[in-house]
Every structure is written in C-alpha cells, then in structure tokens.
Engineer: 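My structure is below; once you've seen it, I'll send some questions.
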Amino acid sequence: MNNDAENNPQPMAAAKTEVQRKTLDQREQMNELMRLRHSAAHMMAAAVCRLWPEARLDIGPPTEEGFYYDFDLPHRFSPEDFPRIEEEMRKIAKENQVFEKTVRTREEARAHFVAKGQTYKLERLGDIPEGEAISFFQNGEFIDLCAGPHVMRTGNVKAYKLLSVASAYFRGNEKNPQLQRLYGTAFRNKEELENWVKMQEEAKRRDHRRIGQEMGLFAFDSEYVGPGLALWLPKGGVLVEELEKLAKEAEFQAGYVRVRTPHLAKEKMYRTSGHLPYYAESMFPPMEMLEEDERKRRDVLVEKRADLIQLADSLEKAVSPNPAGLTLEQVRHDIAKLETEISLFGGRYYLKAMNCPHHHRIFAAEPRSYRDLPLRLAEYGTCYRYEQSGELFGLMRVRALQMNDAHIYCTAEQFADEFRAVNEMYLKYFKIFGLDKYQMRFSTHDPARLGQKFVNEPELWLKTEDMVRRVLIESGINFVEVPNEAAFYGPKIDVQVWSAIGREFTIATNQVDFAVPARFGLAYRDRDNTDKVPLCIHRAPLGTHERFIGFLIEHYAGNFPLWLAPEQVRVLTLGDDEPLVAYARGVVEELRSHFVRAEGDYTTNKINGKVQDAEKARVHTMLVIGGRDREAGAVSVRVHGKGNLGARPRGEVIADLVQSIRERRSH
RNA sequence: GCCAGUUUAGCUCAGUGGUAGAGCACCCGAUUUGUAAUCGGACGGUCGUCGGUUCAAAUCCGACAACUGGCUCCA
C-alpha cells in the first residue's frame, strides 16, 4: 500500500479550480436550504463588515452542514465575538433587506474592488471565464461578487448559529496567506436548528475517542509513548484479534499465504522502490548505524548527488547554461553511479511506511515460475508514518498502524479474475459489518499527461484501467471515477464509507502496480522460457486496525455484535448465596470452554445496579441468575439495548451464543 | 507544519490574584436483592511543563508540549 506524494502544485491547483467551477454550476440547482445558508453567509459577512470595516473578504459558500465565510483582518476572531456578530446579523434580518442582483462589466467590477482594496475578490474575479456574466448581490450596504441565488429578503433567514472559527489557506494552498474562516449554520426554522444541535450532541457521544475511553478500548500516552501511537487496552485488543481472525480465515479461503516481515529496512529498499524521493517527509527519520568517519565520507557523496540532481533538473528544463559541458545522459549516469556508492555504505535504516517492498523481496527470495502465480502474500504489517502533528486525529490518523495488507503477484491474463476476487472480499466484509453506504473512488491517470507525471507505460495504463473499470461494472459496485489521482505506479481504488455520525472515511485502498516489481527486478519464468515481470495488486479491504476499529466504534456506537464484543457475556447473580454462585460459575466456565468471553458478577449488590453496570459497559448479553433459574437449570437472558428476554434452558442459551459467534451474526 | 482554542483528581466539570472543590469511578464496610443507580466511610490534585510579574498565581504574561476545531496531507 502506498501513496502518491508527488509534489507538483500546478495540476493540483488546476484540479481545485475545476472543483470550484463545478460548485458554481451546481448553484443553478441549489435548493431552498442552500439558498438560505448562502444568504446567511452574506449576512454574516455584512455583520463582520459593520463591526470590522477593514475586513477583506474572500468567499462564503453554503456547505452540507451550514456555511462559512473567509476573512482577512487584523482582529483575531474568537468564540467570544460570536454573540456580537449574531446580534448584528439579527439586526440585518430585522431590517429585512432585499437581496438584489446586478450585472456589471469586468471593468466595473475590477474598479469596484480596487477602490475597496478587496484583493482576494480581485483574484476571484479573474477566475470567471471571459464571456460569463459577472453578477453581484446587494443587501443593505453590503455588496458581494456572487452568482447567487439567494432568498428574497434577509428577514427570511430566521434560524442560524455561528459555530466555530478556523483558518483556511486562500484557495486551499498552503503557500497562500491564511484567512480566518467563520463557520455557521442555518435552517428553515428554530426547531430544525435545535434538532440539528441535538444530533451534533449525539454525534459527540458516538465519537470513537469518547467511546474508546468509556469502554477502555485504547489509550494514547503522548508523554511517554508519543503522539499518534495508540496503545490497545485489553478490550480493544480483543477487537484487533477478532478482526485478524476474520481476515486470516477469509484470506486462507481465498488462497492467500501468510508472511511476516521486520518493521525496518535499509535505505536501499526505499530508494529502489522509488518511495524515498516522494515519501521521505512522511517517514520517520532514518536510524544511522555508521561510525562518525564513515558517515562523513558518505555525506560528501550525498551532497554531490544533490548537486547533480539539481544540475540534471536545470538541464532538463534547459533554463540555465551548462557550465561543465555535460549532457543530461552523462549527469544521470553519474547520479546512478553515486547512488550505488552511497548504498554500499549501508548503515541507514528506515522504519517501514508500507509493506510492499518487503513483500517484493519475498517474491524475489525464490525463483518463480508461471505455475506459482498468482502468488498472494498476506500480512497484518505494522507501518510507521510521521504524519504532521496537526493531522493526527484519534485512531483515524496515527503514526503507527497495522494494515490488512496483501500483495497479489499475477500475470496480465490473471489480473481481471484476481481483481474480481478482491472485490468480492470487500463485499463479503461489507455484509458482515452491515455496511450499505459505501463508494469506491477509482483514481486514474491524468488524461493530459499520460506517461509523463506517472510511470511511462501509456498502453499498460489504459489497458489496466480498462480492466479495472470493466470488473467494477460487472461486479455491480458503486463507484466514481476520478482522473489524475492515481498512485505513481498505477491506478488506485479508495473505498469510502460513512460512519453513523456522518463522518466520511477512506477505509481501504486497492492499487494496481505495474512499475515497482520491475524496479526490484521481479520476474517469473513463463511457458515460453522467458522471464516476465508480474503485475502486482495491493489490497487492504480492512484498511488498518486503527482506522477500521475507529470506524467500527462509531458505526456501532460501541454496541458491537456478539462476535466482536470485548465482553460477550456477563453472568449476574441475585445475591451471593453459595449454591447460586456455584451454579453461575459453572455457566461462566462452560461458556469459556467454548471460548466465549464471559465474566461473572457475584456481588451482593442489587440487580438493578449490576444490570446498570453491565449495560454501561456495553456487555452484549447479560445472564441473570436467581434461585428460580438455578432450580430450573435455566438462565434469564437480557441483551444490551434490548432489555429482558426472559428465562430459557441454560444449554440452549449457550448453544445459541456459540452459534451466533461462529456465524459472526451482525447483531 | 500553519491559524485559533483548550489543558484543574482515573472520568465529567466548577473555581478571574488571598487556605484547591463537586458528582461518578476505584478502595473499605454494611445491605441477600428478579432486570438501567442501596446506604455509609475512606482515598485521591506540585492545577500540562518550564520561566516571569506580584507580598501572594490554578487565576496575569512568555516559551514549550499535548489535545481539539479547521487548512494542507492521508490508510
């Protein structure tokens, strides 16, 4: 698994503009709520301009959740400003201003913004293609470049609320200045707004960080272990183990073989794979094993290489005269020679950020025949990625992660079948977890630059993408195609899911790689007695333990199905009479003999209290045992969230529990 | 990494310059109970860390760290 970390701002910027234009087109069909929110954004901007006339404005669109507006001003917004701004908005609503549309010429618009010193607006003006109408909307004294549409009057905006202040780079580019973004939301009426606020609170209760804390699933110890390095507590460890068990069974049945690889590798590994130039920033810094003098000698070579790479760059662009009279080929040759010399030093190890290179070396460890293919190497590999501090987010973005990884080495003929089987595995998992809302993002090459930005195999790109597309359609999979977001070595499929609280996740990735195996010199001997390079499919249907479990926690709100529940059964006695406790212990032991995670609560506490404890701990099944049950050889079943289901024979209940676990039933 | 906010007991939170608090959890004792809180007691904090201002700092100022909301990036 891997990422395309290509550092090329140009196509990115173009892509962004594309997205923004799309939203402009969509404004034509903007529904009532969006119009309302868009108008609320204008009112908020108007309010801000009344309070801070020096504010420079960027844009303020509606969003799924509400709206925002970006400002540049010396005053730093804080939540303490919200009441003042809302008060001003209230006045604007009371004034019941009309939203009035006017069309201006480009020159008029430019003059308007120059006069007002609205530099961001001037840039936005430049985005509007020649020939397209330049429209303004005015309410009261506030006038804004805007395609609309709006509600009729400010008085129509009745229920709104400022939510947060954040920052955002102008045009989303980190090289641009940072603006202050005010987020708010608006609804048709107060009741809908209140409902939304309540739903936000519910979402907070489902947050995996909160439930993880409550249930004792995982912890972070930033002081001693480090930020972004999760500790799995015993109950969270159960989830990890259960997922691995599921993956191992599914992969065994699908013909995978399991391998194990170390957590680090020499620099040469990531130079060869091609990751280092793209990816070094998100890897932990290397461990130096060289002696001082060796290191110095190597650093000299490294410096020389850096100079040569720069020279090659300028030769390529032909921007500077060539002082030494060297050709590009000569320089490249020298770089390659230096690479070899540098790698001979060894002594520099990286924690692995991906498992593929290790698996490639396993492929290379033995001679391979076409009869060995497809070879499916699977491993729950642990990877380390030095994510920027601001990117860390609970279990969803961490620095140490365990991936449901596998690499399938196959021939071009086998590709479609293999790829189809991978998809089937995804669907199988979705069914087990009751995931009906998912979407696959099929990322393909940049149509304008086939074979330039990416690995230069135009025919292979088109052929593979076509195969992938065909299989996706045949399998009836819900997907969208996104050009220009492929990995550098092949097309990729990201699986997106939505948690119950509406948070979107890229939960898994699936990539086709027809480049890296060649870089490692991987080959198999074909029927015709020639060596051929295999294709490689990277796949990780269960993503990483961290993110997948983070998702599952929110998906189930911590109420896991029986097979996953950290504590599956708790036996509660009515009192601590000796014969009663002995019977209850017998039930726990019998359950454990079937590998059911069962605990007993034999204290003298009231049954209400014990039930409450178990419910709060989200124990899946509670078995209440009193004198009546013991005499009848029964247990009273209570299921978390479902209440008391009544007494049933002990053996029957245990058999049902075991069966539900074995089948991984989804409730 | 950038902008802003937050950091007080295991958890949730009060405490705006003058002797650190509550509820829950943990621990101890009593309670012998039929499906979401039985009663009582004890324990627990260098107020994120370091520095500064002050007679006096949880409280004001600064640096750093972590976390949160965003931006950028992403499994």
Side-chain angles (χ1 to χ4, degrees), chain A residues 1-5 7 9 12 16 68 70 76-80 163-183 207 209-210 213-214 216 219-223 226-228 279 281-282 353-354 383 385-398 401-405 492 494-496 505-511 538 540-548 550-551 572-577 580 603-616 622-629 636-647:
Chain A
M1 305 304 319
N2 222 312
N3 321 59
D4 173 21
N7 183 20
M12 281 305 288
K16 287 268 175 239
Y68 65 83
D70 286 347
R76 287 303 185 199
F77 287 130
S78 89
E80 283 164 28
L163 298 173
S164 62
V165 51
S167 94
Y169 298 103
F170 178 59
R171 291 184 188 283
N173 186 331
E174 62 183 325
K175 291 187 182 99
N176 287 340
Q178 272 191 317
L179 309 175
Q180 299 189 71
R181 176 171 294 178
L182 286 179
Y183 280 95
D207 190 296
R209 291 164 296 188
R210 183 183 175 126
Q213 162 83 265
E214 281 169 11
F220 286 95
D221 182 348
S222 314
E223 192 179 353
Y279 209 76
E281 294 238 318
S282 15
M354 62 291 295
C383 298
R385 296 180 180 181
Y386 196 80
E387 303 290 352
Q388 296 185 58
S389 58
E391 287 163 355
L392 300 176
F393 174 66
L395 280 181
M396 302 302 180
R397 279 298 279 286
V398 291
L401 44 98
Q402 239 183 313
M403 209 157 21
N404 171 227
D405 215 352
K492 127 181 142 170
D494 289 319
V495 182
Q496 278 159 310
F505 297 97
T506 300
I507 205 84
T509 298
N510 202 354
Q511 296 164 353
H538 306 234
L542 299 178
T544 67
H545 278 323
E546 287 72 17
R547 191 173 282 185
F548 200 79
F551 167 76
L572 315 174
T573 56
L574 284 128
D576 66 348
D577 278 345
L580 199 61
T603 57
T604 66
N605 286 338
K606 282 197 160 177
I607 194 64
N608 283 320
K610 293 198 198 187
V611 165
Q612 164 125 358
D613 284 347
E615 288 281 357
K616 268 168 73 178
M622 286 147 273
L623 301 180
V624 175
I625 294 179
R628 294 207 296 265
D629 302 291
S636 292
V637 181
R638 181 190 171 99
V639 173
H640 172 58
K642 292 195 185 136
N644 187 359
L645 304 181

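It should be emphasised that the depicted structure is a prediction, and the values quoted were computed from it without experimental measurement. First the proteins, then the strands, lettered A, B, ... as listed; each starts at 1.
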Engineer: Which nucleotide, if any, forms a Watson-Crick or G-U wobble pair with B:rC24, using both distances under 3.5 Å?
Structural biologist: B:rG10

Engineer: Examine the base of B:rA4 for any acceptor or donor lying under 3.5 Å from a partner atom in the side chain of A:Arg181, and report the outcome as yes or no.
Structural biologist: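 Answer is no: no donor-acceptor pair is held.
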
Engineer: Check the distance between B:rC2's C1' and A:Glu391's CD and give it to me in whole angstrom.
Structural biologist: 11 Å

Engineer: How many whole angstroms separate atom OH of A:Tyr183 from atom P of B:rC3?
Structural biologist: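 The distance from OH of A:Tyr183 to P of B:rC3 comes to 17 Å, rounded to the nearest Å.
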
Engineer: Quick one, A:Leu572 and A:Ile607 - any side-chain contact, counting heavy atoms below 4.5 Å?
Structural biologist: yes

Engineer: Could you tell me how far B:rG34 sits from B:rG29 if I compare only their C1' atoms? Round to whole Å.
Structural biologist: 26 Å

Engineer: For the side chain of A:Lys610 and the backbone of A:Val624, is there at least one donor-acceptor N/O pair under 3.5 Å apart?
Structural biologist: no

Engineer: Spell out, as yes or no, whether a donor-acceptor pair under 3.5 Å connects the side chain of A:Arg385 to the backbone of A:Ala353.
Structural biologist: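 Answer holds: yes.
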
Engineer: Applying a 4.0 Å non-hydrogen cut-off, can you work out what A:Asp629 is touching in the nucleic acid: base, sugar-phosphate, or nothing?
Structural biologist: base

Engineer: Please evaluate the base of B:rC74 for a donor-acceptor partner in the side chain of A:Arg547 within a cut-off of under 3.5 Å?
Structural biologist: yes

Engineer: Using only heavy-atom distances, decide whether a donor-acceptor pair under 3.5 angstrom links the side-chain of A:Ser167 to the base of B:rG70.
Structural biologist: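 Check passes, donor-acceptor contact within cut-off.
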
Engineer: Looking at A:Arg385, does any N or O in its side chain come under 4.0 Å of the phosphate oxygens OP1/OP2 on B:rC73?
Structural biologist: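 For A:Arg385, the contact criterion (side-chain N or O under 4.0 Å from OP1 or OP2 of B:rC73) is not met.
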
Engineer: Measuring to OP1 and OP2 of B:rA36, would you say a side-chain N or O of A:Asn608 lies under 4.0 angstrom away?
Structural biologist: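 Answer is yes, contact under 4.0 Å.
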
Engineer: Once hydrogens and angles are ignored, does a donor-acceptor distance under 3.5 Å link the base of B:rC2 to the side chain of A:Gln178?
Structural biologist: yes

Engineer: Can you tell me if the side-chain N/O atoms of A:Ser389 get under 4.0 Å from OP1 or OP2 in B:rG1?
Structural biologist: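 Indeed, a polar side-chain atom of A:Ser389 lies that close.
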
Engineer: If you measure from the P atom in B:rG1 to the same atom in B:rU59, how many Å do you get, rounded?
Structural biologist: 26 Å

Engineer: What is the distance from CD of A:Gln388 to P of B:rC3, rounded to the nearest Å?
Structural biologist: 13 Å

Engineer: Round to the nearest Å and state the distance from A:Met354 atom CE to B:rA75 atom C1'.
Structural biologist: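 Answer to the nearest Å: 11 Å.
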
Engineer: Using the P atom as the reference point in each nucleotide, state the distance between B:rU6 and B:rC13 in Å, no decimals.
Structural biologist: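 Rounded to whole Å, the distance is 14 Å.
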
Engineer: May I have the distance from A:Asn605 (atom CG) to B:rA30 (atom P), rounded to whole angstrom?
Structural biologist: 13 Å

Engineer: Side chain of A:Gln402, base of B:rA75: donor and acceptor closer than 3.5 Å?
Structural biologist: no

Engineer: Which nucleotide in the list B:rU35, B:rA66, B:rA75 gets nearest to the side chain of A:Pro227?
Structural biologist: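 For A:Pro227, the side-chain atoms sit closest to B:rA66.
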
Engineer: Looking for any heavy atom pair under 4.0 Å, which part of the strands does A:Phe505 touch: base, sugar-phosphate only, or nothing?
Structural biologist: nothing

Engineer: Say we look at B:rA65 and B:rU49: how far apart would their P atoms be, to the nearest angstrom?
Structural biologist: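 Per the computed distance, 16 Å lies between those P atoms.
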
Engineer: Sticking with atom P, work out how far B:rC2 lies from B:rG21, rounded to a whole angstrom.
Structural biologist: 40 Å

Engineer: Given the P atoms of B:rG62 and B:rG23, what is the spacing between them in whole Å?
Structural biologist: 36 Å

Engineer: Does any N or O in the side chain of A:Thr544 come within less than 3.5 Å of the main-chain N or O of A:Arg547, such that one atom is a donor and the other an acceptor?
Structural biologist: yes

Engineer: Please measure how far the C1' atom in B:rC60 lies from the corresponding atom in B:rC28, and state the result in whole Å.
Structural biologist: 44 Å

Engineer: On a plain distance test, is the side chain of A:Ser164 in donor-acceptor contact with the base of B:rG70 below 3.5 Å?
Structural biologist: no

Engineer: Between A:Arg209 and B:rG69, is there a side-chain N or O to OP1/OP2 distance below 4.0 Å?
Structural biologist: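 Affirmative; the distance criterion is met.
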
Engineer: Atom CD1 of A:Ile607 and atom P of B:rU31: how far apart are they, to the nearest Å?
Structural biologist: 19 Å

Engineer: Within a strict 4.5 Å, meaning less than it, do heavy atoms of the A:His538 and A:Lys492 side chains meet?
Structural biologist: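 Result no, sub-4.5 Å side-chain heavy-atom pair not found.
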
Engineer: For B:rG41 versus B:rU8, give the span between their P atoms, rounded off to a whole number of Å.
Structural biologist: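 Comparing P positions in B:rG41 and B:rU8 gives a spacing of 28 Å.
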
Engineer: What is the pairing partner of B:rU49, taking Watson-Crick or G-U wobble pairs with both distances under 3.5 Å in any strand?
Structural biologist: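 Pairing partner, where one exists within any strand: B:rA63.
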
Engineer: In whole angstroms, how far is the P atom of B:rU35 from the CG atom of A:Leu623?
Structural biologist: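 A:Leu623 atom CG is separated from B:rU35 atom P by 16 Å.
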
Engineer: Side-chain contact test, heavy atoms from C-beta onward, threshold under 4.5 Å: evaluate it for A:Pro541 versus A:Asn404 and give yes or no.
Structural biologist: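 Result yes, sub-4.5 Å side-chain heavy-atom pair found.
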
Engineer: Separation of A:Tyr169 atom OH from B:rC73 atom P, in whole Å?
Structural biologist: 10 Å

Engineer: Could you tell me whether the phosphate oxygens of B:rC74, OP1 or OP2, come under 4.0 Å of any side-chain nitrogen or oxygen in A:Arg397?
Structural biologist: no

Engineer: At 4.0 Å (heavy atoms only), tell me whether A:Thr506 reaches a base, stays on the sugar-phosphate, or touches nothing.
Structural biologist: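 Since only primed, P, OP1 and OP2 atoms lie under 4.0 Å of A:Thr506, the category is sugar-phosphate.
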
Engineer: Hey, does the side-chain of A:Tyr386 have a donor or acceptor N/O within less than 3.5 Å of a partner on the base of B:rG1?
Structural biologist: no

